[in-house]
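Below is one structure, written out as structure tokens, with a few remarks after it.
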Amino acid sequence: MKKIKCILVILISSLCVSNLYAQNARIKIDIERTVGEVNKHIYGNFVEHLGRCVYGGIYDTVSKLSDENGFRTDVLAAVKELNPTIIRYPGGNFVSNYNWLDGVGPKSDRIPRLELAWYTLEPNTFGTNEFMQYCKRVGADPYFSVNMGTGTIEEARRWVEYCNVKEGPYYAELRRKHGFPEPHGIKYWSLGNEMDGPWQMGHMNAEDYVKKAREAAKLMLRTSPEIKLIAAGSSNYREGADPDHWNYTILNGLKDVIDYIALHIYVGNPDTNYYNFISTPLVLEQRTKVVKGMIDQVMQTANRLNRDPIYIAWDEYNVWYRARRGNAARGKNALEERYNLEDALVIAGFLNAFVRNADIVKMANMAQLVNVIAPIFTNEQGMFKQTIFYPLQLFANNVYGTSLDVFVDCETYNTNKFFVGLGETTTQQSKVPYLDVSATYKDDEVVICVLNRNKDQSIKTDILSQNGAFAGNIEVYEINGPDIKSTNDFGKTEVQTVKKPFVKGTDKTITYSFPPHSFTILKGRISR
């Protein structure tokens with residue numbers, strides 16, 4: 001009899017465990033629990049004079065596919081689909097040995113220069129004015145980086161005058177002489193690039209950077225008071241580096257003059273560990289919160305008059321590890337990374353993180369636009385859209401409004417110590433949720449962005465609206481592929497956005513099953 005009771009207890013316990021695991025995951029949306037307004041500039045990109053990003057990418061004067069300005073029309077059409085809201089230029093490492101005067105004026109007078117960052121000859125046939133023409137064609141705001149390496153603070157000031165002063169002083173008149181009577185009105189300027197990195201030309205310590213950046217800011221602001229300035233925050237997380245010291249020193253020393261601090265991150269999967277790799281956007285989120293805390297601290301003693309608080313600009317981020325060393329990182333075809341589905345899912349994770357931190361992250365620039373670690377890849381005959389194109393496109397064309405503080409209840413997993421970037425590792429992360437979620441709300445429309453990190457299983461999920469009911473048809477867009485290593489190529493598209501059947505919204509709860517290794521957007525209305 002005791003034996004029978006024991007068997008019954010085991011069976012009942014097994015059923016309870018089975019029922020526990022059979023419960024759906026849950027996502028709770030409350031349109032009154034808000035984080036902040038999503039700034040359109042988190043959907044930015046980056047153009048650097050590196051490899052085939054400019055020459056042979058967006059600009060090719062000898063191509064049959066180019067227009068009268070030398071712009072590749074097939075690339076231009078794809079860039080417009082991507083809808084980048086702001087484009088950073090001209091570097092990157094390139095800018096730390098760049099004199100902007102080399103890239104303006106009649107092209108017949110421009111002098112080729114030895115380019116020391118990426119070991120090429122820079123012809124200078126594409127420069128300030130060509131880039132501004134491109135931004136206007138695309139509909140993107142320009143964001144310029146000045147040379148804080150080999151350049152002087154007066155060179156930086158003169159560039160601002162050339163671009164932003166209507167008429168009168170020498171460099172404003174020089175722009176007019178070059179055929180641009182109206183100023184370009186460039187609002188966003190970064191004070192150098194990755195100055196904490198020993199690989200950077202003109203590398204300096206944090207204290208010296210603060211001195212130079214403060215004086216450059218003084219001259220630039222007196223020339224064009226309406227500009228916004230971005231300081232070069234941490235890019236170096238290698239062993240022995242102290243990014244927290246760098247960031248705090250920069251913020252404390254420049255708290256009265258800068259508008260953003262720029263942070264950089266690149267991630268990779270050289271160990272072929274999917275679950276570690278797919279969680280790397282959480283490293284960005286951790287670093288965001290640390291720097292936000294520093295900003296909160298220095299703002300207590302800042303003298304900013306009526307200016308906004310300091311925000312974070314993640315103005316370089318991407319997956320980059322295959323084409324990172326040796327010959328793959330140099331010359332004409334440098335950094336030509338080919339992407340797969342898991343890379344696209346990581347990009348979706350980054351974008352979710354930006355939306356979740358919309359109160360502090362007000363700009364992000366995926367590096368880069370064409371060919372060089374890029375969503376668009378070209379050859380002489382045409383182009384194709386890499387896997388990472390599709391999450392960037394979905395977000396930039398759909399995810400706006402107020403970021404919501406979303407509650408997620410789902411199963412989790414743990415990671416090991418794993419690779420983040422070049423020479424960087426991070427410690428174990430525990431309880432990584434299989435579902436990674438962000439959401440926005442605007443004019444009764446809610447957009448829910450869901451990354452299913454589970455490689456093998458769908459996750460059936462109840463999505464609950466805690467303030468109002470879902471109404472009407474809910475549009476569903478999914479990015480997926482046959483497996484996590486699926487790629488796109490010329491004439492082959494294995495990964496793309498697919499519009500799925502509508503989900504009917506009639507109540508406060510809808511149920512949806514998110515496929516394995518997928519990114520999904522649900523877009524519908526909430527009525528109150």
Side-chain angles (χ1 to χ4, degrees), residues 44-54 57 82 84 87-88 91-95 117-120 193-194 196-197 199-200 233-238 241 243 262-274 276-284 287 313-351 353-354 364-378 385-392 418-426 484-485 487-488 495:
N45 212 287
F46 178 28
V47 166
E48 182 172 3
H49 286 254
L50 196 178
R52 296 191 304 124
C53 184
V54 174
L82 196 63
I87 303 177
R88 182 174 177 239
N93 293 351
F94 171 84
V95 78
W118 305 105
Y119 308 96
T120 59
N193 172 76
E194 295 185 353
D196 64 326
W199 57 84
Q200 202 69 211
S234 61
S235 61
N236 185 11
Y237 281 78
R238 300 177 185 183
L263 306 178
H264 293 178
I265 188 171
Y266 292 100
V267 300
N269 189 22
D271 300 327
T272 317
N273 188 322
Y274 168 82
N276 286 353
F277 178 47
I278 205 72
S279 70
T280 51
L282 298 180
V283 178
L284 175 144
R287 294 177 183 177
W314 281 98
D315 67 7
E316 285 188 37
Y317 74 95
N318 204 347
V319 174
W320 175 28
Y321 67 103
R322 303 171 185 91
R324 191 149 188 171
R325 296 176 176 85
N327 291 334
R330 299 186 177 191
K332 179 182 176 182
N333 298 95
L335 281 55
E336 297 197 352
E337 194 100 356
R338 295 295 191 97
Y339 292 107
N340 60 28
L341 174 59
E342 65 180 3
D343 300 323
L345 299 181
V346 168
I347 296 300
F350 280 137
L351 292 162
F354 298 146
N365 304 77
M366 204 222 66
Q368 295 183 16
L369 190 58
V370 187
N371 291 326
V372 174
I373 51 173
I376 300 167
F377 199 91
T378 72
K385 299 168 185 174
Q386 295 228 62
T387 62
I388 64 172
F389 180 97
Y390 295 98
L392 293 164
F418 64 96
F419 177 92
V420 178
L422 185 63
E424 303 171 26
T425 57
T426 188
I484 60 172
K485 301 298 184 182
T487 62
N488 296 343
V495 177

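Here the structure is a predicted model, which is why all the values come from computation and not from measurement.
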Closest heavy-atom contact between Asn318 and Gln368?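 Scanning both residues, the minimum pair turns out to be ND2-N, 4.2 Å.
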If I compare all heavy atoms of Leu345 with all of Tyr274, which pair ends up nearest, and what's the gap?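 Nearest heavy atoms, Leu345 then Tyr274: CD1-OH, 4.1 Å.
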Exercise: do [X] and [Y] side chains pair donor with acceptor under 3.5 Å:
{"X": "Glu316", "Y": "Tyr266", "answer": "yes"}
{"X": "Glu194", "Y": "Asn236", "answer": "no"}
{"X": "Thr378", "Y": "Asn371", "answer": "yes"}

When you measure from the side chain of [X] to the backbone N and O of [Y], does any donor-acceptor pair fall under 3.5 Å?
{"X": "Asn45", "Y": "Asn365", "result": "no"}
{"X": "Glu48", "Y": "Cys53", "result": "no"}
{"X": "Asp196", "Y": "Ser235", "result": "yes"}
{"X": "Gln386", "Y": "Tyr339", "result": "yes"}
{"X": "Asn333", "Y": "Gly51", "result": "no"}
{"X": "Asp271", "Y": "Asn273", "result": "no"}
{"X": "Ser234", "Y": "Pro243", "result": "no"}

Are there over 12 heavy-atom neighbours, none belonging to Lys485, within less than 6.0 Å of that residue's NZ?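 More than 12 heavy atoms, drawn from other residues, nucleotides or ligands, come within 6.0 Å of this atom.
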Derivation and outcome, side-chain contact (heavy atoms from CB on, under 4.5 Å), residues Trp118 and Val372: CA-CA 12 Å; Trp118 305 105; Val372 174; over 6 Å; no
Can you name the residues that form a side chain to side chain contact (heavy atoms under 4.5 Å, CB included) with Pro391, not counting sequence neighbours?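 For Pro391 the side chain to side chain contact (heavy atoms under 4.5 Å, CB included) partners, ignoring immediate neighbours, are Ala344, Ile347, Ala348, Leu351, Ile479.
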Using 30° and 60° as the class limits, which term best fits the ring planes of Phe94 and His49: parallel, tilted or perpendicular?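 If you compare the ring of Phe94 with that of His49, the planes turn out parallel.
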Taking only residues two or more places apart in sequence or in another chain, which ones pass salt bridge (Lys or Arg N to Asp or Glu O under 4.0 Å) with Arg52?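 If we apply the salt bridge (Lys or Arg N to Asp or Glu O under 4.0 Å) test to Arg52, skipping adjacent residues, the hits are Glu336.
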Assert yes or no for the condition that the ring centre distance of Phe46 to Tyr317 is strictly below 6.0 Å.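 Distance test on ring centres: not under 6.0 Å, no.
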Chi angles and distances behind the side-chain contact (heavy atoms from CB on, under 4.5 Å) call for Ile265, Trp314: CA-CA 8 Å; Ile265 188 171; Trp314 281 98; 3.7 Å; yes
Are Val267 and Val346 close enough, and set up right, to give a side-chain contact (heavy atoms from CB on, under 4.5 Å), and what steps lead you there? CA-CA 9 Å; Val267 300; Val346 168; 3.9 Å; yes
Do Met366 and Leu392 have side chains that get closer than 4.5 Å, going by heavy atoms?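 The answer is yes, as the side chains (C-beta and beyond) meet within the 4.5 Å cut-off.
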Any salt bridge linking Asp343 with Arg322? Criterion: basic side-chain nitrogen under 4.0 Å from a carboxylate oxygen.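 Looking at Asp343 and Arg322, the cut-off is met.
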Quick one: do Val319 and Phe277 satisfy side-chain contact (heavy atoms from CB on, under 4.5 Å)? Show the steps, please. CA-CA 10 Å; Val319 174; Phe277 178 47; 3.8 Å; yes
